[in-house]
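Here the structure is a predicted model, which is why all the values come from computation and not from measurement. Position 1 is the first residue of the sequence, and the numbers go up from there.
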Amino acid sequence: MISGKAMSAFERGVAALAQYKARTGSVKPPRAHVEVLADGSEIKLGVFLSNNKSRRAKLTADKLAALAGLGLEWAAAEAA
């Protein structure tokens with residue numbers, strides 16, 4: 001696994017979302033939710049998702065695909 005420092009903020013957010021989804025079965029955390037990754041880094045997952053959703057028109061196709069791959073409908077719709 002890549003260390004927290006080597007991953008971009010976006011990659012850490014995607015890793016946190018994948019971990020949250022694996023644990024809860026959902027991709028809709030509360031806005032205040034903080035996900036702790038295996039390396040101990042804390043990701044403000046709800047804020048990460050809210051920020052990316054509001055800026056989705058500026059996200060690259062790769063980033064939209066990563067989010068859509070985890071089940072976010074708004075990312076899939078934007079990528080289409």
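With 3.5 Å as the limit, one finds no donor-acceptor pair spanning the side chains of T60 and D62.
V47 and F10 fall into different hydrophobic clusters, defined by Ile, Leu, Val, Met, Phe, Trp and Tyr side-chain heavy atoms under 4.5 Å apart, directly or through other members. Both W74 and L17 belong to a single network of hydrophobic side chains, linked directly or stepwise wherever heavy atoms of I, L, V, M, F, W or Y lie under 4.5 Å apart.
One distance of note links NZ of K53 with CG of L72; it measures 9.0 Å at 0.5 Å rounding. Separating the CD1 atom in I43 from the NE2 atom in H33 is a distance of 10.5 Å, to the nearest 0.5 Å. For the atom pair R31 CZ and L45 CG, the distance stands at 11.5 Å (nearest 0.5 Å). Here the straight-line distance linking atom CG of N52 with atom CZ of R56 works out to 10.5 Å at 0.5 Å rounding. The CD atom of E78 sits 14.0 Å away from the NZ atom of K63 when rounded to the nearest 0.5 Å.
Between E35 and the options R23, K44, R12, a salt bridge (charged side-chain N to carboxylate O under 4.0 Å, His left out) holds for only R23.
Across all their heavy atoms, L67 and F48 have their closest contact at CD2-CE2, 4.3 Å. Residues A68 and A75 come closest through the heavy atom pair N-CB, 3.7 Å.
A distance-only check finds no donor-acceptor pair linking the side chain of S41 to the backbone of L37 [under 3.5 Å].
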